[in-house]
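Okay, structure first, notes after.
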Amino acid sequence: MTATRSSTDLYIGGGWRASTSAELIDVTDPRTELVVAQVAAGSAEDADLACRAARRAFADGWGSSAPVVRAQLLQRLHGELVLRREELVADVMLDLGVPRRVAEAVQVDLPLEVLAGFVEVLAEPQYEERIGSSLVVREPVGVVAALTPWNYPLHQVVAKVGAALAAGCTVVVKPSEVAPLVVHRLFDAAHAAGFPPGVLNLLSGTGSDVGSALVAHHEIDLVSFTGSLRGGIEVGQAASARLVPTILELGGKSAAVVLPDADLGLAVRSTAASVLLNSGQTCNALSLLIVPQDRIDEAAFLAAEHFRSMEAKLGPLASQQQWARVQRLLADSIAAGSTVVTGGPGRPDGVESGFFVRPTVLTHLGPSDHIHGVEVFGPVLVVLGYASEDEAVNLANASPYGLSGAVWSGDLDVAVAFARRMRTGQVAINGAAFNPLAPFGGVGASGWGRELGRHGIEGFSYLKSLQL
Ligand code: NAD
């Protein structure tokens, strides 16, 4: 076991070590399609070592440690990450091909803010409640398996690890094999921060191999999964077979609804920016724009203008697989009769390689087109029209998902009343900013459980009533 690492090492029990498997997975730069690194295709044996190390660390004191101790270590982790900011930015640019400004502001600085939020919550008085003769307290659930996707690789790990450690749990992380580099760097920071051995462990590899071995491991007390609907169902079923609770943060098809008295131009630009962020690979992207029927063409035109102005500034999609999926969804929608206002299948003009796509605005969908209910996970905006407020609510609630949404109105009370009719975990009113301390999560096919802030920490604990 060593303090320094090669990219193929795993972090288990407080140090870097080689996987028990000799197999490797290529990491590809999505801009060039060149292999830039390799990580280990971890094994079930690695998962077993990591889970046992996490159990020992939980029993050896982390599970009963004082919140102030956990806050100090999380604060140190924050400091170590800040020291490595430039390396983290470079890693995530290779992992995902994102432009520098997105890598800095969203991929790295947002998770730093999220982590600082957990430290803040730990500084507040901890939950305790008297109910009649009972004292109700919270206890950490134990050993957590954290499975994360590739689109915001550092943020998703920090959202789980920060909250789980704050709650007093120990963690085994299995990040996405598509974007692992920035997560390995996070573990350099965690090592330097000085967490007790086994409190935090890192595996690498695919979901079907090491991921499923982790979920099935008898030492795991809770599985926190962020990813696709398909992956969430598989993980949810495997965990519930052992009655292990899950937090599932899945996909979305979130609607921005523009009410008749809103500033259409502002609403469209904000929605277009949301769906272009990270090249559309954002679970809470506002990928459905719902406007008064008589303003569909105006809204689609304004969105298309914005998309064209941004095309050259967008990064690629993260993988060949994701690129091919977006091409297929666009081709299907066009074959079903939708109007392409800008974009369409293929790469932008003059771009020959890399997983780049054309930002696309679709409207006037054909009757058999389902793209307004499908998570595309690319820079694709669908514009729909409504004739009445009830129809706008129905359109916003029509997809199986319920992760996010937006409402625009000149009247705040009207906007709030509309937002309350939306079946979704978050709603931004008149372009209000994302709040990293507010609970984040979905309903329906977007999963269950909440991340971030106090509610995120509470997700990793259970209630205990002491009868006095
Ligand atoms: P994915 O489901 O393929 O994988 C997510 C993670 O789980 C990966 O680490 C993967 O290796 C692992 N995994 C997959 N199947 C598994 C299984 N059966 N057992 C154990 N582990 C398994 O998702 P992805 O393609 O990496 O990410 C994109 C998806 O993530 C999109 O659908 C997006 O909407 C969703 N997402 C949701 C949120 C949210 O907070 N709700 C945030 C970001 C991304």
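Because only heavy atoms are used, hydrogens play no part in the values below, and waters and symmetry mates are left out as well, while side chains stay in.
The closest side-chain heavy-atom distance from Glu451 to Pro436 is not below 4.5 Å. Side-chain atoms of Val380 and Leu330, non-hydrogen and from C-beta on, do get closer than 4.5 Å to each other. Residues Val361 and Val340 fail the side-chain proximity criterion, which asks for heavy atoms closer than 4.5 Å. Residues Thr28 and Val36 fail the side-chain proximity criterion, which asks for heavy atoms closer than 4.5 Å. Under the 4.5 Å side-chain criterion, counting only non-hydrogen atoms from C-beta, Asn397 is in contact with Met422. Leu381 has its side chain within reach of Phe307: a pair of non-hydrogen atoms, C-beta onward, lies under 4.5 Å apart. Side-chain contact between Leu74 and Leu165 is present, with at least one heavy-atom pair separated by less than 4.5 Å. Under the 4.5 Å side-chain criterion, counting only non-hydrogen atoms from C-beta, Asp332 is not in contact with Ile371.
Side-chain atoms of Thr226 and Thr148 include no donor-acceptor pair closer than 3.5 Å. Under the 3.5 Å distance criterion, with hydrogens and angles disregarded, no donor-acceptor pair is assigned to the side chains of Ser461 and Tyr127. Looking only at atom types and distance, the side chain of Asn435 has no donor-acceptor partner in the side chain of Gln426 under 3.5 Å away. For the residue pair Gln107/Asn278, the side-chain donor-acceptor check at 3.5 Å is satisfied.
When all heavy atoms of Val39 and Pro180 are compared, the closest pair comes out as CG1-CG, 3.7 Å. Across all their heavy atoms, Ala164 and Val171 have their closest contact at CB-CG2, 3.7 Å. The two atoms that bring Ile220 and Val244 nearest to each other are O-CG2, 3.6 Å, heavy atoms only. Between Gly385 and Leu395 the shortest heavy-atom distance is O-CD1, 3.4 Å. Minimum interatomic distance between Phe225 and Gly231 (heavy atoms only, all atoms of both residues): CZ-C, 3.4 Å. Considering all non-hydrogen atoms of both residues, Leu147 and Lys160 come closest at O-CE, 3.6 Å.
Salt bridge status for Glu139 with Lys464: present, with a side-chain N to carboxylate O gap under 4.0 Å. Ion pairing of Asp390 with Arg421 is present here, as a side-chain N (NZ or NE/NH1/NH2) and a carboxylate O approach within less than 4.0 Å. Taking the charged nitrogens against the carboxylate oxygens, Arg185 and Glu87 have no contact shorter than 4.0 Å, which rules out a salt bridge. The pair Arg100-Glu104 meets the salt-bridge criterion, since a charged nitrogen lies less than 4.0 angstrom from a carboxylate oxygen. Ion pairing between a basic and an acidic side chain is recognised when a charged N comes within 4.0 Å of a carboxylate O; Asp46 and Lys174 show no such pairing. A salt bridge does not link Arg450 to Glu249: none of the charged side-chain nitrogens sits closer than 4.0 Å to a carboxylate oxygen.
In this structure a side-chain-to-backbone donor-acceptor pair under 3.5 Å is missing from Thr282 to Asn284. With hydrogens and angles ignored, the 3.5 Å screen pairs a side-chain donor or acceptor of Gln156 with a backbone N or O of Tyr152. Using modelled atom types, no side-chain atom of Ser287 and backbone atom of Lys253 make a donor-acceptor pair closer than 3.5 Å. Looking at Thr363, its side chain never comes within 3.5 Å of a backbone N or O of Ala300 through a donor-acceptor pair. A donor-acceptor pair under 3.5 Å is absent between the side-chain atoms of Ser134 and the main chain of Val136, judged by distance alone.
A ring-centre distance under 6.0 Å is found for Trp150 and Phe377.
Checking Leu10, Asp9, Val183 one by one against Leu202, the side-chain contact (heavy atoms from CB on, under 4.5 Å) holds for a single residue, Val183.
Heavy-atom contacts from other residues, nucleotides or ligands closer than 6.0 Å to CD of Glu129 number more than 12. More than 12 heavy atoms of other residues, nucleotides or ligands sit less than 6.0 Å from atom CD of Glu124. Counting non-hydrogen atoms of other residues, nucleotides and ligands closer than 6.0 Å to CD of Glu45 gives a total of 12 or fewer.
Here the straight-line distance linking atom CG of Leu317 with atom CG of Leu96 works out to 10.5 Å at 0.5 Å rounding. In this structure, CZ on Phe355 lies 10.5 Å from CD on Gln321, to the nearest 0.5 angstrom. For the atom pair Tyr11 OH and Ser204 OG, the distance stands at 15.0 Å (nearest 0.5 Å). For the atom pair OG (Ser254) and CD (Glu375), the distance works out to 8.5 Å, reported to the nearest 0.5 Å. One distance of note links NE2 of His364 with OG of Ser338; it measures 10.5 Å at 0.5 Å rounding. The distance from the CH2 atom of Trp62 to the OG1 atom of Thr170 is 9.5 Å, given to the nearest 0.5 Å.
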Q.
Could you walk me through whether Asp221 and Arg55 satisfy the salt bridge (charged side-chain N to carboxylate O under 4.0 Å, His left out) test, starting with their C-alpha distance in whole Å, then the side-chain angles of each, then the deciding distance to 0.1 Å, before giving a yes or no?
A. CA-CA 10 Å; Asp221 297 310; Arg55 171 62 64 198; 2.8 Å; yes
Q) Stepwise, does the side chain to side chain donor-acceptor pair (under 3.5 Å) test hold for Thr246 with Trp448? A) CA-CA 8 Å; Thr246 50; Trp448 53 65; 3.1 Å; yes
Q: Test Val223 against Val144 for side chain to side chain contact (heavy atoms under 4.5 Å, CB included), laying out the working first.
A: CA-CA 6 Å; Val223 180; Val144 169; over 6 Å; no
**Q.** side chain to side chain contact (heavy atoms under 4.5 Å, CB included) between Tyr386 and Leu259, worked out
**A.** CA-CA 10 Å; Tyr386 66 86; Leu259 295 178; 4.0 Å; yes
